[in-house]
Each structure stands twice: as C-alpha cells, then as structure tokens.
Amino acid sequence: MVLQDQDVSTSFFSTNLKFLQYQVTWMQLISPCFWEEVCIILQLGFVGIILLPFVQRIVSKTSRNIVAQASKDYPIVAKVGLSYRASIVCSSLMLCIHVLKLLMLLYSMNDTSCNSKLEAYSSEIVPVISWAVTIIVVCLVPKRKHIRFLWILRTWWAFSFFLSISSTILDTYLKTEEHGYLKMIDYANFISLLPSFILLVISIRGKTGLIFIDSHNIAEPLLSGKTDKDSNKKRGSPYGKATLLQLITFSWLNQLFSVGIKKTLEEDDIPDVDVRDSAEFSSFAFDQNLKQVREKDSSTNPSIYKAIFLFIRKKAAINAMFAVISAGASYVGPYLIDDFVNFLAEKKTRGIKSGYFLALAFLGAKMVETIAQRQWIFGARQLGLRLRASLISCIYKKGLVLSSPSRQSHTSGEIINYMSVDIQRITDFIWYLNIIWMLPIQISLAIYILHTSLGLGSLAALAATLIVMSCNIPITRIQKRYQSKIMDAKDGRMKATSEVLRNMKTIKLQAWDSQFLHKLETLRKVEYKWLWKSLRLAATSAFIFWGSPTFISVVTFGACMLMGIQLTAGRVLSALATFRMLQDPIFNLPDLLSVIAQAKVSADRVASYLQEEEIQQEAVEHVSRDQTSFDVEVDNGKFSWDPESTNPTLNGVQLRVKRGMKVAICGTVGSGKSSLLSCILGEIEKLSGTVKVSGTKAYVPQSPWILTGNIRENILFGNPYDNNKYDRTVKACALTKDFELFACGDLTEIGERGINMSGGQKQRIQIARAVYQDADIYLLDDPFSAVDAHTGTQLFEDCLMGILKDKTVLYVTHQVEFLPAADIILVMQNGRIAQAGTFDELLKQNIGFGNLVGAHKRALESVVTVENSSKTCQDLGSDGESDTDLTSNAQQLQQKHGLDRLHPQEITENGGKLVQDEEREKGSIGKEVYWSYITTVKGGFLIPIILLAQSSFQVLQIASNYWMAWASPPTSETEPTLGMKFVLLVYSLLAVGSSLCVLVRAMLVAVTGLWTAQTLFINMLHSVLRAPMAFFDSTPAGRILNRASTDQSVLDLEMASRLGWCAFSIIQILGTIAVMSQVAWEVFVIFIPVTAICLWYQQYYIPTARELARLAGIQRAPILHHFAESLAGAATIRAFDQENRFINANLGLIDNHSRPWFHNVSAMEWLSFRLNLLSNFVFAFSLVVLVSLPDGIINPSIAGLAVTYGINLNVLQASVIWNICNAENKMISVERILQYSNLASESALEIEECRPHNNWPEVGTICFRNLEIRYAEHLPSVLKNISCTFPGRKKIGVVGRTGSGKSTLIQAIFRIVEPREGSIIIDNVDICKIGLHDLRSRLSIIPQDPTMFEGTVRGNLDPLVQYSDNEVWEALDKCQLGEIVRAKEEKLDATVIENGENWSVGQRQLFCLGRALLKKSSILVLDEATASVDSATDGVIQKIIDQEFKDRTVVTIAHRIHTVIDSDLILVLSDGRVAEFESPAKLLEREDSLFSKLIREYSMRSKTFQQLRKSA
C-alpha cells in the first residue's frame, strides 16, 4: 500500500516537472553553452551601464574639483548602518565564490556541461569582474551621500539572485537525471544562494542605512527620511496597519528593530498598541461581559469565569485553530520517516524523484507548522495582554469602592499581589489553554502513526503513555497545594515588607531594625520551605518527562517482540521519532494541570476580592439645591464601621446644616468626630436613618493624602488651571511664601506620600486642593493640628472665614480657640452628639464641653502666668505686631522628614524632582551580572557537575537510539544480526542511564537555583534595611516591592532553569548535528553559515528586546504605586467625585506597560519565525543531500536516524537562540536585585570597641558642639554651627517656625542624618563613635506621625517582647488606653489592622506614648507628639510625661506653646541657627525676643475666647 502511494506520488512529481524537462532539452538543442552565453551577455550589460557615469565624471574634471573643494570645506562623516554593512559582506562573499568556481574550472573542465573553454571560463571571469565592480560602487555610496542604493545596483542584485537560483536548480536537476552526484562547484552554487538572497532583500528595501553627520555633528535623518516635525507626531500602531504578509512574518516590527539597533530604546520610541489591545477597549469589553453575565444569571455577583469565557472566546477559537494545525503538521515528519528509510534502501528501484518529493513534503509540513505555531503563540500572548489589562482595571475600580470592612480584610500588599502575581498566573493559563485542544490531537496522531508501522504494538504504546500521564496527576495535585502555600507565604512576606518600608523611619528611630529584619527572614524561610518542596517535585516531573520516551519505547518494543511484530530500522526510527514527539503532550499535561491549578487558585482569589462588599451607593441621598435650604441633613442616623458589632460607631445622629453655616465638631479622642464626617461622605456603613446632601463636596482628611507629582497637580486635582483662582487659593492657604523658597515654585516634585514636605505643608496643600474645587460643602478633619499657631490663625481667618465664608463648612478641631467663630458647635461623646449649640450656649450648659474648654483654659493660663511674670507684659501687642514676624515664613529654609525641604540646588539639578525616574541599566547585561549569579553559591562548584550530567544524558540517549537503528534490520526481509532480546536489553540499560542523569541534573539545578535566589534575596534585604533614610525618602516603595515580589519570583522559580536550558539546548543541538554530520558531512557546509546568520539575528534582536524587557519591568511599578496611592486616598477620590479621572489614569499606566511588553513578546515571535525558517532550510538541505548521495554510500538505517534527529532541528536551533535571549531577558531581574544589594549603608549597628555601659545615658546631658548638618555634599547646610547644651534631667522646649530646623535637630540626635561637622555628646559619649543600635535603643521618641503595625496591641507596644504583661497593662493605663483595651474581647491580643486604621489617630498617638513609657529611657523626645489629640487629652499626656519623666531629659518640639511654656529651657531656632536659648522667664523679659512674639501670637489668637469666657 505504501509503495503504491509512493509510485503515485512519484508519477505526480514527474508529471509536474515535464515543463522543466522540455526547457532543458530546448536549451541543450540550441547550444550546449546556452546558459553561459545568457549569463555573460547580461553581466556585461550591467558592467557597461555601471561604468558609464564614471566615464562621464572623468571627462568632466571641473565638477569633480568643485565637489572635492566642497567636501574639503564641509567634511561629511557617514555613520554606517546594517544594510550597508550587509551589502559589502554579501558582495564580497559572492566575489569569493565566483573566484573559487573559476579556480575549480581551471583545475577541471569536467565540472561544466559547456564544451567551449572560452565561453566556460568567460562565464566565471565576467561574474568576478561584475562583483568586483559592485564592491567598488558600494564603497563609493557614502562618498556620494546616497540615501538609497542606485537603481542599477538594485536591479543587478535582484537579477543575480534569480540567476543563482535558476542555475542551481537546473544543474542539480541535470545531475540527478544523469544519475551523477553533486560536486564542489554545485555546493558553491548552493552557498551563493544565501548572500544573493540577502542582497535581494536589500534591493527590495532600497535604503543604504547610512546617516550623514556634518562637521558640526548634526545628523541628517536620511535613513528614516523623517524630520523633527514627523517625529513629534503621535505614535501609531504598526501592528494595526500591517498587511497579511507582515502579520505572518512579523515584519511590521522591522522599523522598531532598526531604531533599537542604532540607539538605546526610550519610552517614546515604542509604538502604541492597537486599539483592540488598549486597556480602555479591553476594560470596556470585559465590563460589558460582566454586565451580560449579571443580567443572564440575575446575580449581583456575576461569575468571573463566565465573564472571562465571553471575553476570550473569539480570539481563543482562532488561536485554537492555529494550535491544532501546528500539532497536526508536526506529526507529518514521523509519519514519513519509515517511507524515507525504505526509499534509501530501495533507491535504485524507486527513482530519485520520489526522494525529492519526500523532501518537499517534509519541508512543506515544517513550513505549515512554523507559521501556525508562531501565530497561536503570538495570539495567546496577545489575548493574555487583553485579559490582564481588563482584570487590572477591574481590580483597580473595585479598590475605589471597597467598603471599610472589605478594605480591612484585604491589605495593600495582598491587593498588589492580586495585580502582580495572580493576574500573571491567569494570563499564563491563556497561553496553556491551547494545549487543551492540542493534547488529544497529538496523542491520537502519535498512536495512528505507531499503528501504521507497528500494528497492535501501538496499543502497548498507548497504555504506557496513559500510565506515564496518570503518574503526573498526583504530582500535579501536590504541586497545586504547594503553589497555594507559596502564594500564602508570599502574601505574608509582601504584606510585612510593605509595612516595614512604609514605617521605616519609626523602625530606625526605635532601633527595631534587627527585629523586623528577623521577622522578614522568618517569613521568607516559610516561603523557602514551600518553594523547595515545589522545585523538588518539579525535578521529579522533569525526570518523568525525559524518562517517558524510554519507558514507552521499551514497553512498545517489548510488546512487539511478544506479538511477533518485525522491528525494522524504519519502523523503529519512526516509533522513536513519535515517542520524542509524545514528550510534548506528556510533559505539557502536568504543566497544564499545574497552571490550571495555579490559575484556579488565583482566579478564586481575584473573584473573592471582586465580590467583596462595596460602600453603600444609596447611603447618601443627593438633593437638588433648589429643593432645600439645608446642605446636610442626617435624620436618626445609626452608623458602624463594623456592621457585625453590637455597639454602633455613631448612634441617634440628628443634624441639619443650613447653607453657608460653619459647624465645628469637637470631642475627646475616639468620640466619633471623624466618623461623623464619614457618614456625610457615605464612607461608613449606614444601619438606619437617612443622610441627605445638597451640592458638591470637598474633603480634607486628618492624615494628609498627597499624590506623587508636583504641588500644582496636587492642588488642581484634575481641574483646569485658572491663574486668578489659583493665586487666591494659594494665598488663602498660606502657601505663597513656601513657593517662593522652592527653586521650581509650585512645580516642585513631591516625594512618595509627601515625604519631602513638612506635616504643615502637606496639610495646607490638601486644604488648597479642597478650596480650589470651589465645592458647596467642605468637610475638614482637624485641619489645624499640623500647623503652628501663626499659620493656623492665618488659615482660619483667610481660608475658613475668608475665601470659604459663603460655603457650608463642617470642621473637626481640637483647638478650642477656633470654636467661637462657628455658627454651631457639636460636642461628640461615645458616638453621639452629646451637645450642640453656639459657644455661649454650650458654656452655659457646663457639661462635657466645659471639660474641653477647661483644659484649654488651664493651658492658656499657664502661658498667661509666665507672660505676666515677665517685666514687659503690659501690652499684649497689636494685630500689626503679630503680623510682622521676625521669623516669618520667608525664613523657612528647611522642611521635615529626612530632607527637611527640597533644597534649591537639588531642585535645579533634578528639575524640581526629589524622586528621580527609576534607575535603568542600558546596553547589554554585563558579564559580571551573569558571573555574580553563577558564582553566588560556593563559587559555582555545582555548575560543572550539572553540565556533565546533561552531557552524559545526551551521549547515552544518542547511543541508545544509534544502537537501535544499527541493530535493527533495514527491511523486513533482512535477518537481524543480533537477537532482539539482547538489543532491547542494551537499549533499556542505556536509556535508564540517560534518565538517571536527567534526575541528577534536575535536582542539582533546583538546589543551586533556589540556594542562589535565597542568597541574593537575603543580600538585598540586608542592604535595603541597612540603607539610610535618604534612600527611602527618594525611592518609592513600589520600586522595592517590585524587586521583592516579581523579580524575586523570577529568581525563585525561573532563572536557574532558563540559564540551565541555554547550556542544555546547546548540548542537544551539538548532539543532533554530530549525528547528522556523521551520516552526511555536507550538512556542515550549510549549517555553519546558517548558524552564523542565527547568531547575527540574535545580535540584531537582543538590543531591542533587552530594552523592551527593561522598560516593561520599569513600567510595572507605576501601576502598583498608583494603585497603592489610590487605595490610601480612596475616600478623598470619592468625596471629590474623581473616580473616572483616576480610572483613566490607571488605564494610561496599563497601556504604558503594555506597549513595551507587547512589542517584546512580538519581537520574540519575530526572531523565532526567522530561526525556524533557517532551521527548515538546513533540514531540507540535509534531506536533499541524503537523497542525492549515490546508492550504497550510507547505511539507510543511520540516515533514517539522522532524519529522526533532523526533524527536531528547527525546534532545537530556535530553542538555543530563544533560550539565550530569554535568559538575558530574565537576567534583568537579577540585575535589578543586584542594584539594591549594594546600597550605601548606615553606620554599624554596634561597634564592639566603643560600646557604652549598660546604664548610659544616666544623666541625659546633650551637648551640641559646632553642629552642622546637610543632606548631601552639594546642598546647603540645614543646621549651621549649633552649639548649646541641654542639661540632664531638665525639660527643654524647641520652638521655631515651620522649616526652621527643629525636626532636623531631632534626627541628628538619633543619627538619622549624620553631622557634616561638629559633634553631639550625650553624657560624655560622642554619639558618632558608638553603634546606631546602642544609641537609638537608649533614647525614646514620640513622633509627629503615629505609627502602628499590623498585629496585636501587645506586639505594637513591645515588639521585642522585653516586658511582662503587667508592665504593658501599667503603660496602657498611664496613657489612657487601659479601659479601651480591656473592653476588647482579646485584651492585649486585640487586633491592629494595617496602619492601625481600626484605631483613631489620637489613640495611635497614645500608643506611641505607651511605647516610651515602657522603654523608660533617660532621654525622651516629643516631636509635635500631641498635634492630633484634643486639649483635654493633651493635658493628660503632659501630666503623665511630667510625672513619669520628672527625673529625665525631655526634649519637646511643639506648635502648642503651652506644652513647652513650663520647660526649664527654651531653644528658639531660626534659619537653622540658635536664635535664643534661655529659660522662658528670661526670654519673656525681652520684648523683642522671638519667643515673646510667639507667646503674644498665641495669646492674641485666644483673645476672643477670653472675652467670651468673661462675658459668660
């Protein structure tokens, strides 16, 4: 049957080539030298035309002189491009080939069919002259400044290609017809096809690729033909405009590659994605699918699985079609091998034409497989991109509407993991989806092929295949469990890392570095344990994968022997090739099941998040302004942050606010002030009652929320810029003088979370944001706490009572002096409005309000008493005096938090930016990065063992297959030389040995890879946590988290195997080439130039791909950073109705990431397609050689073995380059982690030879000697020549305007910043000479921004577990939190959520006090510690500090003067210098002292209150 088919095919082939026979016969009849004559005439014509212009130039000497003079005056330098280089190389190669052919012709005339020596020699001499002239003309191109090659040159190159291909085909055909064999001159013709083809491509493109630069180094864009005007046009999408041929060949990427090879790619060089791939389009389509599912199922929570199915179905169906075609085409090769071996054995009887037809069939199948495979892989990546964009957008939109309980159940770290890791796993599944359709087809075809050659033996193969596949199922189940555990462990680690980075300053100040480092290392150990289990299991899977062909072949051949089925060489080789093809489905099944498991876990996590409760959209009823005179109405409102709690947060709320009213809200810490504003905003869950709001809202939260960007962007907040309105806003919010101090004014960049702004400035910026909105209703949550007395007064007068005088304003405040101006005051107590009325009415009631006022009165009296004791207390000063501040805001030279302000020089140099663009390596990845990775573990001693194991596997595998091919008889009639039992035994032993080598290799790769990943992680972790605060101030947390999350995952799970596969695929291809060359050495003739072209392609591809991968990595962080910022400010975004703007910004960031990512995966397909084509070319050539070789030269069985290996050549050759490129792309993750592994470090934590004694500091004397602080060498000093001594066991108050250097002084004491000159001596110990841990652990601080960590109450007070429960309770009682904590069911184990958000800001501040009380240090620093608490709580805190720290040194920075008025000494800072340092009494004696002026301001601000109190 097979032979009959073969005869039919031979007949078909010969019939179709009859025209060729007639042509050849016709030519031979005309003249035996016809072909040579044609070539000579055409080539002489070319030489004549090309030389004609040169003759003209020789005649016209004048023009030549003018040109020479011009070139002398204006020298032109040509920058050589790729096309030009290729034209020189290929032309030179063609010249060499024709010289070689001429020499061969001189040696022997037998190599030509022409009987005329003259014509035969001329046919080679003329091409030599032609190509020599060609080279000369090409060399003159730069001199003539040609943008495109000459038309005659391009015509000649096109003509020479068709000439080469025609002569090669005809010569080969004539030789085979005459049963001759190919000679060296024929192989030279074959080789000439390659350079002539390249020249054909260059001639079609036409461009020289030259850039011309004049003497002034101005490049003319001659290559691209574009001008500056063109370059400014909007980026298009070449993919969207591509033709069918471009889509198949991916040549729409050529333009990007031509840019990438010339220069380092930048963001603007990358084209846009197609509209259908854009985030906006994908997001809209996915939302429509969700809506469709919701309507169909009548469910409020639609199934995400159904929505994903609807979203991907059309594109997935097209991909599935290509995948099925690819799978089908890949089995044509194994199917034809038996025929091919039979043909070689029976070449005499079969005829050579059928051999060529078989070669053509092999090649055709390979071409179809290549095109289909590249299309389905690209399509799957593209679909993954669309799904990722839609899911990220969906998660983002959900984040903006999460209810408070939902938000608390998902930390930022978890949600960021949904975006970065879970979505990646879901999109990975889209790629594997096609394997579901391919698997049954691959297995069915394999069994069919085995059945045609082995008959019933195929059933044994099927049984063995099913056994192997079933072995993988339990492995996959276990792997799924491991993956789930890895994700949980990763979540925990990322959550903790995020928290540590967010609170790094507190950790350093409290000397908790080692504790939190240990915590992160412990969490990593848990992750490491599951990673190791997972990788160990993966190594077992690899063993099954590589051992499966062996097992299946042994079972199948054994079954054939038992059944008496004859095993011929052709059948054995066909079976072996099929078994190798079966590796794919066998290996892909566990992979597929694993990916399905991972995707299921991830999809469930995302679905669970997307189904979380949202804020009640209907909680607030919006009423038209013409229907009511009330802007805010709350009727019998009952609200709770925790709906399941029996005690509501707010109860029985009755509130009506008329248009234009000013409503003040006051009360003790935790009484429900902020919750009252939240119920108006609709943030807190409404249990009952109604809330009506009439008009637009603007909201200022208690904790400032500042976006990364410049100040103006933060104030405009998406509104158009109106110069007059903007100036009025800035003036009213007291920001004018701040802007004057910035070199870039309001365009100064703000760092992450506003790190380079003081607390007061952040507060004023967000007040300005609210004012600029020009809303109807303003909700201000304690807006005056973070600003000093003078600024607070100015804000109240100019902003609240000025620019907002006609607006409805509800403001929470702890400062009683701001209450009298309110139309109505609400006093909150235990979640109820305890009292409501005007200031006078409330004073008369004398209930809860009296306590607040009484506390303020006592504080004020303490100031007045000190003031009256001074000699110059008669005149309290006029308003004019209070306005003429000696230390006005113009003297703000520095600001708080690490970089007290962004210094003018720094702004000028950085373009107003503190946070610079992420550092990005450029050019090729340095060898040192590879070397660092390889030698991280024990200097890389395991690497040679891994390579030896893989080489042994390859040798043993080839030996086993070689043995079977050699020992099996070529045909069924031939008797085997050895017994088949013995043959099978040897084969089994060799195959088992090779599989064991794989097991050793897989285990060693897993061990080495994970060990290396762990070492690099620990190095990075130590480096980051030991970095100075300046690093965290200028580095967004997203960049560090990206490395700790995505990049670390690459190191944990991918990097070692990617790098290993580079070596393994090279070893594999060397083995394949060795087998093929052993049969037909001629393969080397074509393999070497093709390999050279492959390497050239790789060199051409890598610069572009590398930069695309880097840009994609960098563009990932802004998505996560923007999301984290949006989550933190979700309430503000909702209050301002800015959800759509932020959603659009998120879509833009997704597209920014999609552009480099999409073009990167497309570039991979571009390269793979070309490498596959070249491999197919090599395979086809080797088949032609095997067919053309005379009968008897080679053993048909061994030739069949060569074809068996050659079938996979295209895969192997592509995989070598692919793995190298992929490894380089993945190596970027190593490069990024290494960047953060060698950061500049703080000083040592402990210095053994300089350790202070155990009870240091005993007295607490702090001596500053000529202290000078600056944040960088190129910046001005922040503190200048500070010399003073804080006596031990005294209370020192530090005052000064915002930005005078107060916080910098505190940071200097804790060595957050190191002195440039001078020293700080504490109890005779120079703090710069001892370890940081020894210093910071002996000092206590209550910072301005209260920090709490996720965990328990006890863990927050005593993270180092140094104190007993009784001591903790005692501290809680002293800081007024004892009762609150006892009321909780868990007591000391009561939950603290992320950022401590389930505790009020005031309560968080009290926790910080509790830490200081536990620590009992000799020195306590308070950095505006009572800014967020009411006057009554402030009084309590001051009282506790007076009692508990009476024999200790207390350094207090405060905006509230009464907190420092009873200090023993006052230090007044101005412009970073000591302005005054005396006791309060002595300073008040001098009327012109700065302290006196501050006291007068505070007194004046409360004058109204004094008068009202007296009248009451």
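The chain is numbered in sequence order, starting from 1.
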Visitor: Could you give me the CA-CA distance, side-chain angles and deciding distance for Ile1341 and Gln510, then say whether side chain to side chain contact (heavy atoms under 4.5 Å, CB included) is met?
Guide: CA-CA 8 Å; Ile1341 185 168; Gln510 299 285 0; 4.2 Å; yes
Visitor: Considering only NZ, NE, NH1 and NH2 on the basic side and carboxylate oxygens on the acidic side, decide whether Lys1416 and Glu1444 come within less than 4.0 Å.
Guide: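 Answer for the salt bridge query: no.
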Visitor: With a 4.0 Å cut-off on N to O distance, would you call Lys490 and Asp422 a salt bridge?
Guide: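 The answer is no: the pair does not qualify as a salt bridge.
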Visitor: Taking NZ in Lys1387 as the centre, count heavy atoms belonging to other residues, nucleotides or ligands within less than 6.0 Å. Is the count above 12?
Guide: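 Counting neighbours around NZ of Lys1387, more than 12 heavy atoms of other residues, nucleotides or ligands fall under 6.0 Å, so yes.
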Visitor: Between Arg502 and Glu1350, is there a salt bridge with N-O shorter than 4.0 Å?
Guide: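 Looking at Arg502 together with Glu1350, the answer is no, because their closest N to O distance does not fall below 4.0 Å.
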Visitor: Can you list the steps and then say if Leu531 with Glu527 is a side chain to side chain contact (heavy atoms under 4.5 Å, CB included)?
Guide: CA-CA 6 Å; Leu531 280 167; Glu527 187 184 5; 4.0 Å; yes
Visitor: Other residues, nucleotides and ligands only: do more than 12 of their heavy atoms fall within 6.0 Å of CG on Asn830?
Guide: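 For Asn830, atom CG is not crowded (no more than 12 foreign heavy atoms under 6.0 Å).
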Visitor: Using ring-ring contact (aromatic ring centres under 6.0 Å, His included) as the criterion, list what pairs up with Phe1031, not counting sequence neighbours.
Guide: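 Tyr1236.
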Visitor: Begin from the C-alpha positions of Asp1358 and Lys1415 and carry the test salt bridge (charged side-chain N to carboxylate O under 4.0 Å, His left out) through to its verdict.
Guide: CA-CA 9 Å; Asp1358 178 26; Lys1415 210 170 181 182; over 6 Å; no
Visitor: Count the heavy atoms belonging to other residues, nucleotides or ligands that lie under 6.0 Å from CD of Glu1379, then report whether that count exceeds 12.
Guide: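 Not more than 12 within 6.0 Å, no.
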Visitor: When you measure from the centre of the six-membered ring of Trp1256, is the NZ or CZ of Arg1251 under 6.0 Å away and within 45° of the axis?
Guide: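 Checked: cation-pi criterion not met.
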Visitor: In Å, rounded to the nearest 0.5 Å, how long is the span from CZ of Arg1338 to CG of Asn1255?
Guide: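 One finds 8.5 Å between CZ of Arg1338 and CG of Asn1255.
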Visitor: Please report the C-alpha distance between Thr1352 and Asp1389 in whole Å, then the side-chain angles of each, then the deciding distance to 0.1 Å, and finally whether the side-chain hydrogen bond (donor to acceptor under 3.5 Å, both in side chains) criterion is met.
Guide: CA-CA 5 Å; Thr1352 63; Asp1389 292 326; 4.6 Å; no
Visitor: Would you check, one step at a time, whether the test side-chain hydrogen bond (donor to acceptor under 3.5 Å, both in side chains) holds for Thr1046 with Ser1049?
Guide: CA-CA 5 Å; Thr1046 315; Ser1049 280; over 6 Å; no
Visitor: Can you check whether Trp641's main-chain N or O pairs, donor with acceptor, with Thr649's side chain at less than 3.5 Å?
Guide: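 Yes.
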Visitor: Strictly below 4.0 Å, N to O, side chains only: are Lys495 and Asp491 in salt-bridge contact?
Guide: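 Salt bridge flag = no for Asp491 with Lys495.
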Visitor: Nearest heavy-atom pair of Lys508 and Ala1027: which atoms, and what distance?
Guide: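 Taking every non-hydrogen atom into account, NZ-O, 3.0 Å.
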Visitor: Is it true that the NZ or CZ of Lys1384 lies under 6.0 Å from the centre of Trp1399's six-membered ring and within 45 degrees of the ring axis?
Guide: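 Here Lys1384 passes the 6.0 Å and 45° test against Trp1399.
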Visitor: With the threshold set at 4.0 Å, does a side-chain nitrogen-carboxylate oxygen contact exist between Arg493 and Asp488?
Guide: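 Answer for the salt bridge query: no.
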Visitor: Side chains of Phe1310 and Leu1332: does their closest heavy-atom pair fall under 4.5 Å?
Guide: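 No, too far: nothing below the 4.5 Å cut-off.
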Visitor: Could you check whether any side-chain heavy atom of Ser1364 comes within less than 4.5 Å of a side-chain heavy atom of Glu1367, counting everything from C-beta outward?
Guide: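 They are in side-chain contact.
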Visitor: Testing Ile1380, Leu1413, Val1381 one by one against Leu1372 for a side chain to side chain contact (heavy atoms under 4.5 Å, CB included), which residue passes?
Guide: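 Going through the options one by one, the only one that passes is Val1381.
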Visitor: Looking at the rings of Phe1017 and Tyr528, which for Trp means the six-membered one, are their centres under 6.0 Å apart?
Guide: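 Here the rings of Tyr528 and Phe1017 have centres that are no less than 6.0 Å from each other.
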Visitor: Can you name the closest pair of heavy atoms from Lys398 and Gln611 and give their distance?
Guide: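 The pair with the smallest heavy-atom distance is NZ-C, 4.2 Å.
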Visitor: Search all heavy atoms of Leu523 against all heavy atoms of Gly492 and return the closest pair with its distance.
Guide: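 Smallest heavy-atom distance, with atoms named: CD1-O, 3.8 Å.
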Visitor: Would you compute the distance between atom CD1 of Ile665 and atom CD1 of Ile833 and round it to the nearest 0.5 angstrom?
Guide: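 The distance works out to 8.0 Å.
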Visitor: Tell me if a side-chain donor or acceptor on Tyr418 pairs with a main-chain N or O of Tyr609 at a distance below 3.5 Å.
Guide: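 Such a contact is absent between Tyr418 side chain and Tyr609 backbone.
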Visitor: Run the numbers on Gln1048 and Asp1052 for side-chain hydrogen bond (donor to acceptor under 3.5 Å, both in side chains), then give the verdict.
Guide: CA-CA 6 Å; Gln1048 188 60 43; Asp1052 288 339; 3.1 Å; yes
Visitor: Can you find a heavy atom in the side chain of Lys673 that is under 4.5 Å from one in the side chain of Asp781?
Guide: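 Heavy-atom side-chain distance check fails, nothing below 4.5 Å.
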